[in-house]
Asker: 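Quick one: this structure, given as structure tokens, is what I'll be asking you about.
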Amino acid sequence: MLQVSVLRENKEKVIQGLKKRNFSDQDLVIIDTIIVLDDERKLIQKSLDDKLNISNQVAAKIGQLIKNGEKGAAEAAKSEVASLKKDIQQEEEKMRTVSTQLETHLLNLPNVPHDSVPPGKSADDNFVFQDWPQALPELPDTALPHWDLAKKYDIFDLELGTKITGAGFPVYRKKGARLQRALINFFLDQATNEGFEEIIPPLMVNEASARGTGQIPDKEAQMYYIERDDLYMIPTAEVPVTNIYRDVILNEDQFPVKMTGYTPCFRREAGSYGAHVRGLNRVHQFDKVEIVVLEHPDRSYQMLQQMIAHVSGLMEKLELPYRILHLCGGDMGFASASTYDFEVYSAAQKRWLEVSSVSNFESFQANRLKLRFRDGSKKTQLAHTLNGSALALARIVAALLENNQTPEGIRIPDILVPYTGFKILN
RNA sequence: GGUGAGAUGGGUGAGUGGCUGAAACCAACAGUUUGCUAAACUGUCGUACGGGUAACUGUACCGCGGGUUCGAAUCCCGCUCUCACCGCCA
């Protein structure tokens with residue numbers, strides 16, 4: 001959620017930014033609507049506060065009168081307050097109306113893209129920030145997509161998952177299960193070596209947490225919801241981990257707060273069907289190691305680059321061909337100010353698959369979370385939040401299986417061997 | 001699931017209707033003293049939203065939401081959470 005003060009003070013910048021998100025002139029009217037509502041809110045508050053002030057004074061006076069035994073005067077004062085109280089009620093009613101309108105508009109306004117974000121309408125306009133420098137791997141015609149490799153080596157089973165739960169819930173077995181565990185441990189070790197604190201968070205969150213990171217109201221339909229207990233299954237570790245710092249005021253010297261967490265992620269993902277979602281390309285439950293950082297506003301973009309470097313390192317250690325896209329305004333997430341997507345090349349499907357998304361949310365999430373810090377002058381200021389996948393497993397597994405297939409089996413990258421305990425998956 | 005106790009500022013903890021945005025102590029911060037450290041002393045020490053160039057000032061908040069009252073941390077109702085015991089259980 002943006003702050004109204006930002007809309008006021010940097011209105012031109014906000015307009016330019018939202019245009020990158022393809023806001024029309026008509027859409028942009030919302031900014032003025034919000035400012036007008038906020039002006040109105042201030043007026044009402046002033047008048048309400050003044051009336052409350054009088055009411056407080058009269059109440060104190062009545063107390064004195066009663067103490068002094070001046071009953072008549074006290075009764076007179078009481079009747080004086082009666083009409084004032086009616087006024088106050090009306091003002092409070094107005095205040096509620098204006099505040100909820102204001103809140104609704106603000107909640108539905110997306111974050112302002114950073115200056116560096118390329119313009120564009122859709123995923124086709126994303127900027128290739130870093131391409132794969134070599135020729136893309138080519139496999140012989142006999143090469144199999146990962147869902148066929150899964151059958152061949154009995155490493156994961158989607159039909160079985162359908163029997164137990166429903167479509168999109170894979171069952172990993174044998175060396176496939178071991179590979180999952182190896183990757184999780186590898187990713188966690190890599191992150192903790194970089195100074196990220198390891199967290200094992202709850203896999204369900206309450207509404208306040210879902211709201212804090214912006215899943216509600218924007219992406220509510222994407223989450224599984226347990227009505228009986230009013231809880232949401234997490235779509236990413238970002239939600240519980242970032243919410244550790246909801247309603248927290250940090251000291252400046254605590255920055256950067258770096259956390260990592262492995263969790264399964266649950267996504268309803270209603271929509272697309274067909275070849276693009278076959279196998280592990282899109283599932284309802286997958287494993288992911290997430291990195292979350294809280295940083296000083298002055299340094300958050302440096303941190304974003306560090307996080308990109310970290311994820312790049314993972315891809316390189318896994319010897320997977322990848323590229324980095326800087327998402328254009330039209331393709332960015334609602335809460336993000338700048339997002340870089342990592343895509344792995346899946347040689348048998350001959351497609352790029354998204355495996356990581358690294359974003360700086362600036363103060364957008366912090367505003368909802370009330371995540372602040374005290375600056376040098378002891379004033380509180382919103383912190384910046386960032387996060388990224390490091391990494392999401394399902395599609396990494398898909399690419400790894402496809403790209404590394406040989407007649408003898410699937411070659412495990414050297415760095416993973418200590419984790420898997422085998423060099424060839426067969 | 002049942003019963004009982006509780007929820008106050010960074011911490012401990014007073015406070016049963018007006019003098020309490022909140023005592024006291026601890027912690028923290030700034031200063032004085034000191035050869036240094038410690039101790040002692042003095043001062044500062046919640047958040048948010050407003051008004052004002054500023055000094056300053058208004059309002060709200062004592063788990064959350066309602067209610068009673070001229071006036072609520074304090075009384076009433078509902079909820080949530082924590083702790084203890086019982087039951088069940090990985």
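Lettering of chains follows the sequences in order, A, B, ..., and the numbering in each one begins at 1.
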Asker: For A:Tyr340, enumerate each residue passing the ring pair (Phe, Tyr, Trp, His ring centres under 6.0 Å) test, keeping only those at least two apart in sequence or located in another chain.
Answerer: A:Phe129, A:His326

Asker: Hunt down the Watson-Crick or G-U wobble partner of B:U34, both distances under 3.5 Å, from any strand shown, or write none.
Answerer: none

Asker: Looking at residues at least two apart in the chain, or sitting in another chain, which of them share a salt bridge (charged side-chain N to carboxylate O under 4.0 Å, His left out) with A:Lys11?
Answerer: A:Asp32

Asker: Could you give all pairs that pass the ring pair (Phe, Tyr, Trp, His ring centres under 6.0 Å) test and reach residues 44-99 of chain A, with sequence neighbours left out?
Answerer: none

Asker: Would you tabulate the nitrogen or oxygen pairs shorter than 3.5 Å linking the protein to nucleotides 88-90 of chain B?
Answerer:
none

Asker: Rounding to an integer number of angstrom, what distance separates B:A90 and B:U3 when you compare their C1' atoms?
Answerer: 25 Å

Asker: How far does the C1' atom of B:U68 sit from the matching atom of B:C75, given to the nearest Å?
Answerer: 8 Å

Asker: In whole Å, what separates the P atom of B:G46 from that of B:C85?
Answerer: 38 Å

Asker: Please list all pairs passing the ring pair (Phe, Tyr, Trp, His ring centres under 6.0 Å) test where one or both residues lie in residues 297-320 of chain A, with sequence neighbours left out.
Answerer: A:His114-A:Tyr301, A:Phe196-A:His310

Asker: Hunt down the Watson-Crick or G-U wobble partner of B:A23, both distances under 3.5 Å, from any strand shown, or write none.
Answerer: none

Asker: Can you check the distance between B:A14 and B:G35, where both ends of the measurement are the P atom (answer in whole Å)?
Answerer: 43 Å

Asker: With sequence neighbours left out, write down each residue that passes side chain to side chain contact (heavy atoms under 4.5 Å, CB included) with A:Ala237, or none if nothing qualifies.
Answerer: A:Val241, A:Thr263, A:Glu290

Asker: For RNA chain B, what residues of residues 40-47 of chain A have any heavy atom nearer than 4.0 Å?
Answerer: A:Arg41, A:Lys42, A:Gln45, A:Lys46

Asker: Shorter than 3.5 Å, N or O on both sides, protein versus nucleotides 70-74 of chain B: list them out with atom names.
Answerer:
{"from": "B:G71", "atom 1": "OP1", "to": "A:Lys85", "atom 2": "NZ", "distance (Å)": "3.0"}

Asker: Does B:G65 have a Watson-Crick or wobble mate here (both distances under 3.5 Å), and if so which one?
Answerer: B:C77

Asker: If pairing requires Watson-Crick or G-U wobble contacts with both distances under 3.5 Å, which nucleotide is the partner of B:C49?
Answerer: B:G58

Asker: Between B:C41 and B:G52, how far is it from one C1' atom to the other, in whole Å?
Answerer: 37 Å

Asker: Using the side-chain hydrogen bond (donor to acceptor under 3.5 Å, both in side chains) criterion, which residues pair with A:Lys151? Sequence neighbours excluded.
Answerer: none

Asker: What integer distance in Å separates A:Asp230:CG from B:C79:P?
Answerer: 16 Å

Asker: Taking all atoms of both residues into account, what is the closest heavy-atom pair of A:Glu319 and A:Asp414, and its distance?
Answerer: OE2-N, 3.6 Å

Asker: Please report, rounded to the nearest Å, how far the C1' atom of B:C29 is from the CZ atom of A:Arg374.
Answerer: 11 Å

Asker: Using 30° and 60° as the class boundaries, would you call the ring planes of A:Phe364 and A:Phe334 parallel, tilted or perpendicular?
Answerer: perpendicular

Asker: Can you name the residues that form a ring pair (Phe, Tyr, Trp, His ring centres under 6.0 Å) with A:Phe361, not counting sequence neighbours?
Answerer: none

Asker: If you assign A:Met95 and A:Asn53 each to the RNA chain B nucleotide with the nearest heavy atom, which residue ends up on the more 5' nucleotide?
Answerer: A:Met95

Asker: Expressed in whole Å, how much space separates the P atoms belonging to B:A84 and B:A40?
Answerer: 37 Å

Asker: Can you tell me the pairing partner of B:G1 across any strand shown, Watson-Crick or G-U wobble, with both distances under 3.5 angstrom?
Answerer: B:C86

Asker: Who passes ring pair (Phe, Tyr, Trp, His ring centres under 6.0 Å) against A:Tyr419, sequence neighbours left out?
Answerer: A:Phe186

Asker: With P as the reference atom in both, quote the distance from B:G43 to B:A24 in angstrom, rounded to an integer.
Answerer: 12 Å

Asker: Mapping A:Gln381 and A:Gln57 to their closest nucleotides on RNA chain B, which lands nearer the 5' end?
Answerer: A:Gln381

Asker: When the P atoms of B:A39 and B:U82 are considered, how many whole Å apart are they?
Answerer: 38 Å

Asker: Got a sec, which residues hit side chain to side chain contact (heavy atoms under 4.5 Å, CB included) with A:Leu43, two or more places apart in sequence or on another chain?
Answerer: none

Asker: Is a donor from one side chain sitting under 3.5 angstrom from an acceptor on the other, for A:Asp287 and A:Gln180?
Answerer: yes

